[in-house]
Number of protein chains: 2
Amino acid sequence: MDKIGLLKKGILKHLYFNKQLSSADLSEKLSKSLPVVLKLLNELIRDGEVMELGYAPSTGGRRPMLYTLQKNVRYVLTVAMDQVFTKIGLMNMEHEFVKPVRRYDLRLADNPEALSGLEALIQDYIKINHIDGATIAGIGIGMPGFVDVEKGINYSFIPSGEHSIAEFLEERLNLPVYIDNDSSLVALSEYRFGAARKRKNVMVVNMSWGVGLGIIIKGELFRGNNGFAGEFSHIPIFTSNKLCSCGKTGCLETEASLLVLIEKAKEGIRNGKTTNLRHLSDTNPEEAYESIVSMALKGDKFCIEIISEIGYNIGRGLAILIHILNPELIILSGRGASAGKLWRAPIQQAINEHSIPRLAEHTEIEISTVGARDELLGAAALVMENFGKDRRKKKSKGTGIELI
Amino acid sequence: MDKIGLLKKGILKHLYFNKQLSSADLSEKLSKSLPVVLKLLNELIRDGEVMELGYAPSTGGRRPMLYTLQKNVRYVLTVAMDQVFTKIGLMNMEHEFVKPVRRYDLRLADNPEALSGLEALIQDYIKINHIDGATIAGIGIGMPGFVDVEKGINYSFIPSGEHSIAEFLEERLNLPVYIDNDSSLVALSEYRFGAARKRKNVMVVNMSWGVGLGIIIKGELFRGNNGFAGEFSHIPIFTSNKLCSCGKTGCLETEASLLVLIEKAKEGIRNGKTTNLRHLSDTNPEEAYESIVSMALKGDKFCIEIISEIGYNIGRGLAILIHILNPELIILSGRGASAGKLWRAPIQQAINEHSIPRLAEHTEIEISTVGARDELLGAAALVMENFGKDRRKKKSKGTGIELI
DNA sequence: AAGACTTTATTAAAATTTAACAAAAGTGTA
DNA sequence: TACACTTTTGTTAAATTTTAATAAAGTCTT
């Protein structure tokens, strides 16, 4: 794509994340001069992509014209995968679903056909909803596992050999495709639409069957050297000998995931603890978790207790994060955020006990309110994040050559 | 300073870190076009700051002219502080000392006069060595404690109230002053001159009386939100009840610093362990540490054992780092690096036991060879890192204003 | 050894930024 | 309330920078 095309996309990207901006705002965000920005804006208006919204109140001088996106010109196809289900939706430029989200069965574990299966689902969704490819900015896919975003490979699921999943789908679907780890996308949606907006250094904990971590550093998603950063679930901090799914012992996950919460609840019920909690489903952890939370929110002491235990353990992990990365904000997000402020006290307690006060007092703790929509929204953000970026990798040359 | 002045400084900065560069290299590093870079280079040559070095070998085309700095035109004043001593030196553009390094007594703990004391030392050094301020690019100071680089405040030592230490010294000395945490500077010098050159995501462990950590992320020193990132010493990962200097228990430092090594050695001697180690100084930990290392390097089994124990504990901490940040490289640096490869086996052992293999295998472990010069060198790098940067903070404006 | 391809340096053309100015509003003072 | 002064946006003109074109110097392939 040519240079000014990329710039126009850059404008659309910023308007996507900010709803309305003045030419001066865009000039600053794009590091381009006002004359250029205004020229491009007028072209975008002419093409029906952008519209004038009216004047903003003065901040002490002439009032700026505000610009916004035309709502129904471009869309993003979003995909959120977990171990058993794959959800697909279509969102407009105002972060709303314009076609109903569909939930497909697609098992990831030990499924050599996962990739072609995924392609078929997307094709199906496009076909059923009569989606015109020309209106699609791109496809964003969130998936569990070790994802190397740059190589486009998932080392845990969706085998694709040495080939890029993203490139494979791009060729088949003829649309830009971006993939990322689910926890990273939860973090991205908190950064763009949730409690982490405009913040620079934020840790987003994805409380779920494991404990994921999305890291925002200097206003960008940080993925580490191979895209594996944020493996919070498996930091070794316990001396109990519980075996973890990863083969080690002492992982945070063995004492602090929602699955552990369910285990504790079941054990309590077996041991005749005083609680209103009744039988919990063995096959549907989602349901079991929601029962525990709703009981806890109604004041059930046992449920509150076990949630506190989990929270305290999470807090121990967070204390380590605070020491190493000194973030301004930690957000508890993902499925587990529905327990809301029940987490706050035990987490804060653990942080107080295990951190240097000067550090802890500079880090806020927030519970996410964006919730379960997070991952599909994050996948959409992933697409728009890359909108207006040149995908071609520039070859790096060595410097400091020998003198002849 | 005007724009082209900053650009020229930018050229000098890159030549400082790279010795010799072609115009094409500089064009890429500065994101400026070749014609501009060549114009500026010619001006710098005319002013006697830069010289042509000759042609580099061809890489398949016309040979590029290489440029380098004139050696004795500009200097950097470097200061490295620890709890009791302050070292000051003067370095040229080839990272060599041009005046002897002087060691001054300056106690930091509970010293309300530390700041004026520091100023006096620098004044003294300038005076004694007849240094012409006009030739100095700036003053870089490394110091222990919680340092907020942006505010220029050290919250642990060198009380300056709410005022900036850097600005205070700048006014008094009439030279640009930059301060930073000692471990950050060790990391910076590894990044610029040591094993971390050209790497993007590197953790540099500063093995000393505590365990510091300097974090390089995306090719830049990462300091966290308040400059407190890298408090590796106090991550809570042990269940032993040893009280730490910070008031908590279980800190890495209580089981993994060089002071602990000395303690273990003394205890061993008291208990009559088989070792060639004799009496260790109670007042000079530096000397005690060096005795242990030299014995270990000669093959003393007991010394090797206790070094291994410390190494293993460090490794446990590193395993956590690897999970969270997925670095490409971890460097063991600082005072403790003199034990060299003795660290390697126990650290690797701990990492193998406590990390997911897929993660661990992507992270190299290196022992620093730069060694004790690190901190003064890092302070010089800090000055040049900021050379050619506009120091004025641009005021950030809010976006997304309401529509009228 | 000739022609195709690379890379750097110089120059000319195109594009962008900066600066200057005009327009529209707020602020302060008599 | 009128009028001068400051602030901020939008437009036009001048200056600068970048991109493209071209020349120069060298490597590589057949």
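Protein chains get the first letters and strands the later ones, always in sequence-line order, with residue 1 at the start of each.
Regarding contacts with the backbone of D:dG10, a side-chain N or O of A:S23 is found under 4.0 angstrom from either OP1 or OP2. Contact annotation: A:K32 reaches the phosphate of C:dT17 (side-chain N/O to OP1 or OP2, under 4.0 Å). Contact check, A:R63 against C:dA24: no side-chain N or O comes under 4.0 Å of OP1 or OP2.
In summary, A:E162 and A:K151 do not engage in a salt bridge, as defined by a charged side-chain N under 4.0 Å from a carboxylate O.
In this structure, the nucleotide among D:dT17, D:dT9, D:dT12 sitting nearest to the side chain of A:P64 is D:dT9. For A:I4, whose side chain is taken as the heavy atoms from C-beta onward, the closest listed nucleotide among D:dT8, D:dT17, C:dT16 is C:dT16. Closest to the side chain of B:R62, from the set C:dT8, C:dT18, C:dT16, is C:dT8.
Protein atom CG of A:L40 is 13 Å distant from nucleotide atom P of C:dA15, rounded to whole Å. Between the CG atom of A:L26 and the C1' atom of D:dG10 there is a distance of 15 Å, given to the nearest Å. The distance between atom CG of B:L6 and atom P of D:dT16, rounded to the nearest whole Å, is 17 Å. One atom, CG of A:L38, and another, C1' of D:dT8, lie 14 Å apart when rounded to the nearest Å. Straight-line distance from the CD atom of B:E43 to the P atom of D:dT16: 12 Å, rounded to whole Å. The nearest whole Å value for the distance from the CG atom in A:N42 to the C1' atom in D:dT11 is 12 Å. Here the C1' atom of nucleotide C:dT7 and the CE atom of B:M65 are 15 Å apart, to the nearest Å. Residue B:L41 contributes atom CG, which lies 13 Å from atom C1' of C:dT8 at whole-angstrom precision.
DNA chain D is contacted by both B:G60 and A:G60; A:G60 maps to the nucleotide lying nearer its 5′ end (nearest heavy atom per residue). Each of A:G61 and A:S33 has a nearest nucleotide on DNA chain C; the 5'-most of these lies closest to A:S33.
There is no side-chain donor-acceptor pair under 3.5 Å between A:D132 and A:T135. Between the side chains of A:T363 and A:E328, not a single donor N or O lies within less than 3.5 Å of an accepting N or O.
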*asked:* One pair to check against salt bridge (Lys or Arg N to Asp or Glu O under 4.0 Å): B:D180 and B:R223. What are the steps and the verdict?
replied: CA-CA 10 Å; B:D180 208 334; B:R223 296 184 176 91; 2.5 Å; yes

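Ring pair A:F193/A:H95 is tilted by interplanar angle, where 30° to 60° counts as tilted.
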